Amino acid sequence: MSPTLLKLATWNIGGGILGESHQRGRSPSLEYYASLLKEHAPDVVCLQEAHDYHGHREGQSEYLARCAGYPYVGSFPTSESHMAENASLSLGILSRFPIEDMVYRQFPNPRLEGVSPSGEPWNLHDKGYVVASIDLGDQKLGLINGHCFPLHHFGASPTEPVFARMWDMLTADLLEIGGAGTACAALDANHGRIEEVLKEVLLTGSYLSAFEGTPTTPRGVQKDHILYGHSMRLITTTVAATESDHSYCQVSVLV
């Protein structure tokens with residue numbers, strides 16, 4: 001088999017709203033997101049915080065797939081949205097290749113409570129990840145698209161033992177789909193030092209991190225990560241600042 005050059009992207013689109021995160025009642029600007037997807041032309045896109053409207057109207061993942069020319073799309077609601085009424089935050093996968101065996105796994109929620117920057121009460125919303133397989137024709141690519149808890153907003157750290165079960169879940173699935181070395185994970189981990197929480201995945205060489213230590217938010221911190229399997233070859237990385245609260249992140253890899 002000749003290697004396949006694959007471009008994979010991850011992007012937390014924050015309900016399609018431009019500017020700072022957690023804005024409530026603002027209208028989404030999906031045309032902006034669609035234009036950047038057309039510009040960078042990834043083959044597979046993993047979205048976090050795309051709005052799903054429970055079938056009442058087209059969800060944001062489906063809209064972006066239609067506008068940017070992706071024939072395959074999956075969307076998995078994770079929790080109610082804190083930015084819009086009658087909407088859920090969802091994990092979306094857009095692909096030029098068939099998406100197979102999609103399963104959503106929810107993290108155990110410790111039900112933390114806090115206060116938003118505007119003084120409103122905050123409850124920790126459910127988070128999780130989607131496990132899927134991308135059919136590249138002559139081979140399959142294992143894929144995980146995940147969104148982890150923003151524990152820093154609740155005065156907690158992801159390295160605390162109480163959250164070990166969450167990382168153990170994710171580690172087990174990463175190792176299961178990555179046994180052959182042809183798998184990727186796109187994560188809004190809400191944590192920069194990803195090797196602290198996925199030791200068994202990264203320190204053993206099962207996966208490599210594409211842009212470790214690179215800020216992916218306007219505040220200069222890294223939250224977003226792309227991991228790729230040990231048998232894949234990294235060609236290029238892109239971390240591009242955008243008008244939203246997260247950078248557009250992309251890798252080109254030989255599978």
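Starting from 1, each residue takes its place in the sequence as its number. Keep in mind the model is a prediction, meaning the values are calculated, not measured.
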Q: When rounded to the nearest 0.5 angstrom, what distance separates SG in C46 from CD in Q250?
A: 11.5 Å
Q: Count I, L, V, M, F, W, Y as connected when their side-chain heavy atoms are under 4.5 Å apart, and connections chain through other members. Are V130 and V73 then in the same cluster?
A: no
Q: Do you know which of K127, H147, Q48 makes side chain to side chain donor-acceptor pair (under 3.5 Å) with D188?
A: H147
Q: Which residues satisfy the ring pair (Phe, Tyr, Trp, His ring centres under 6.0 Å) test with H125, sequence neighbours excluded?
A: H82
Q: Taking C-beta and beyond as the side chain, do F211 and I226 meet within less than 4.5 Å on heavy atoms?
A: yes
Q: On a heavy-atom basis, which atom in N109 and which in F149 lie closest, and how many Å separate them?
A: CA-CZ, 3.9 Å
Q: How long is the span from the CD atom in E100 to the CG atom in L143, to the nearest 0.5 Å?
A: 12.5 Å
Q: I'd like to know if V197 and M166 are part of one continuous hydrophobic network [Ile/Leu/Val/Met/Phe/Trp/Tyr, side-chain heavy atoms within less than 4.5 Å].
A: yes
Q: Find the distance between CG (L170) and CD (E200) and round it off to the nearest 0.5 Å.
A: 11.5 Å
Q: Working to the nearest 0.5 angstrom, can you tell me the gap between Q222 CD and T214 OG1?
A: 6.0 Å
Q: Report yes if some heavy atom in the side chain of L141 is under 4.5 Å from a heavy atom in the side chain of C184; otherwise report no.
A: yes
Q: Working note: L175 + S206, criterion side-chain contact (heavy atoms from CB on, under 4.5 Å); need CA distance, chi angles, decisive distance, verdict.
A: CA-CA 7 Å; L175 293 176; S206 297; 3.7 Å; yes
Q: Quick one: are S95 and I134 in side-chain contact, heavy atoms under 4.5 Å?
A: yes
Q: What's the shortest heavy-atom distance between G59 and Y53, and which atoms?
A: CA-CD1, 4.0 Å
Q: For S252, what residues pass the side chain to side chain donor-acceptor pair (under 3.5 Å) criterion, not counting sequence neighbours?
A: T236
Q: Determine whether the aromatic ring centres of F107 and Y129 lie less than 6.0 Å apart.
A: yes
Q: Check whether K7 reaches the backbone of A41 with its side chain - one donor and one acceptor, N or O, closer than 3.5 Å.
A: yes
Q: Within the distance-only criterion (no hydrogens, no angle test), does the side chain of T216 pair as donor or acceptor with the backbone N or O of K223 below 3.5 angstrom?
A: yes
Q: Is it true that the side chains of S90 and D52 contain a donor and an acceptor less than 3.5 Å apart?
A: no
Q: From the options D126, D168, D173, select the one residue that forms a salt bridge (Lys or Arg N to Asp or Glu O under 4.0 Å) with R105.
A: D173
Q: Would you say the side-chain atoms of T10 pair up with the backbone N or O of A186, donor to acceptor, closer than 3.5 Å?
A: no
Q: Going hydrophobic residue to hydrophobic residue with side-chain gaps under 4.5 angstrom, can you get from Y104 over to M102?
A: yes
Q: Would you sort out whether D135 and K140 count as a side-chain contact (heavy atoms from CB on, under 4.5 Å), showing the intermediate values?
A: CA-CA 5 Å; D135 185 355; K140 301 288 182 72; 3.6 Å; yes
Q: Is any side-chain heavy atom of M169 closer than 4.5 Å to one of P108?
A: yes
Q: Show the numbers, then the answer: is there a side-chain contact (heavy atoms from CB on, under 4.5 Å) between L36 and W11?
A: CA-CA 11 Å; L36 280 186; W11 201 2; 3.4 Å; yes
Q: Relative to each other, are the rings of F154 and W122 parallel, tilted or perpendicular (30° and 60° limits)?
A: tilted
Q: Enter the distance from S61:OG to R66:CZ here, rounded to the nearest 0.5 Å.
A: 13.0 Å
Q: Say whether, by atom type as modelled, one donor and one acceptor occur between the side chain of N145 and the main chain of G92 under 3.5 angstrom.
A: yes
Q: Minimum heavy-atom separation for Y32 to E243, with atom names?
A: OH-N, 2.9 Å
Q: Tell me every residue that passes side chain to side chain donor-acceptor pair (under 3.5 Å) with Y228, counting only those two or more places apart in sequence or in another chain.
A: none
Q: Any side-chain heavy-atom pair from V251 and L234 closer than 4.5 angstrom?
A: yes
Q: Any side-chain heavy atom of L198 sitting closer than 4.5 Å to one from L187?
A: yes
Q: Identify the two heavy atoms, one from I194 and one from A189, that lie closest to each other, and give their separation to 0.1 Å.
A: CD1-CB, 3.7 Å
Q: What's in the same ILVMFWY side-chain cluster as I235, cut-off under 4.5 Å, chained through other members?
A: L5, L254
Q: A side-chain contact here means heavy atoms from C-beta on lying under 4.5 Å apart; do L91 and L47 qualify?
A: no
Q: Mind checking what makes salt bridge (charged side-chain N to carboxylate O under 4.0 Å, His left out) contact with E80, not counting sequence neighbours?
A: none
Q: Testing H225, H152, E196 one by one against H191 for a side chain to side chain donor-acceptor pair (under 3.5 Å), which residue passes?
A: E196
Q: How far apart are the closest heavy atoms of P215 and V239, and which atoms are they?
A: O-CG1, 3.6 Å
Q: For atom CZ of R165, is the number of surrounding heavy atoms from other residues, nucleotides or ligands below 6.0 Å larger than 12?
A: no
Q: Do P42 and Y248 have side-chain heavy atoms sitting under 4.5 Å apart?
A: yes
Q: Main chain of I13, side chain of Y33: is a donor-acceptor contact present, judged purely on distance under 3.5 Å?
A: yes
Q: Starting from L202, can I reach I144 by hopping between I/L/V/M/F/W/Y residues whose side chains sit under 4.5 Å apart?
A: yes
Q: Is the Lys NZ or Arg CZ of R96 less than 6.0 Å from the centre of Y72's six-membered ring, within 45° of the axis?
A: no
Q: Would you sort out whether S209 and E195 count as a side-chain contact (heavy atoms from CB on, under 4.5 Å), showing the intermediate values?
A: CA-CA 9 Å; S209 179; E195 73 283 353; over 6 Å; no
Q: Only counting residues at least two apart or in another chain, list the ones meeting ring pair (Phe, Tyr, Trp, His ring centres under 6.0 Å) with Y207.
A: none
Q: Using a 3.5 Å distance criterion without hydrogens, assess whether the side chain of S157 forms a donor-acceptor pair with backbone atoms of T159.
A: yes
Q: Where the side chain of T242 meets the backbone of H246, is there a donor-acceptor pair that is under 3.5 Å apart?
A: yes
Q: Verify the distance criterion only: is there a donor paired with an acceptor across the side chains of H56 and N86 at less than 3.5 Å?
A: no
Q: Between S81 and H51, do the side chains contain a donor N or O and an acceptor N or O under 3.5 Å apart?
A: yes
Q: Would you name the heavy atoms of L64 and A34 that are closest together and state the gap between them?
A: CD2-N, 3.6 Å
Q: Please determine whether residues I99 and L94 belong to a single hydrophobic cluster, defined as Ile, Leu, Val, Met, Phe, Trp and Tyr linked transitively by side-chain heavy-atom distances below 4.5 Å.
A: no
Q: Just how far is it from atom CG of N123 to atom OG of S79, taken to the nearest 0.5 Å?
A: 11.0 Å
Q: Please check if any side-chain donor atom of T78 sits under 3.5 Å from a side-chain acceptor atom of Q106, or the reverse.
A: no
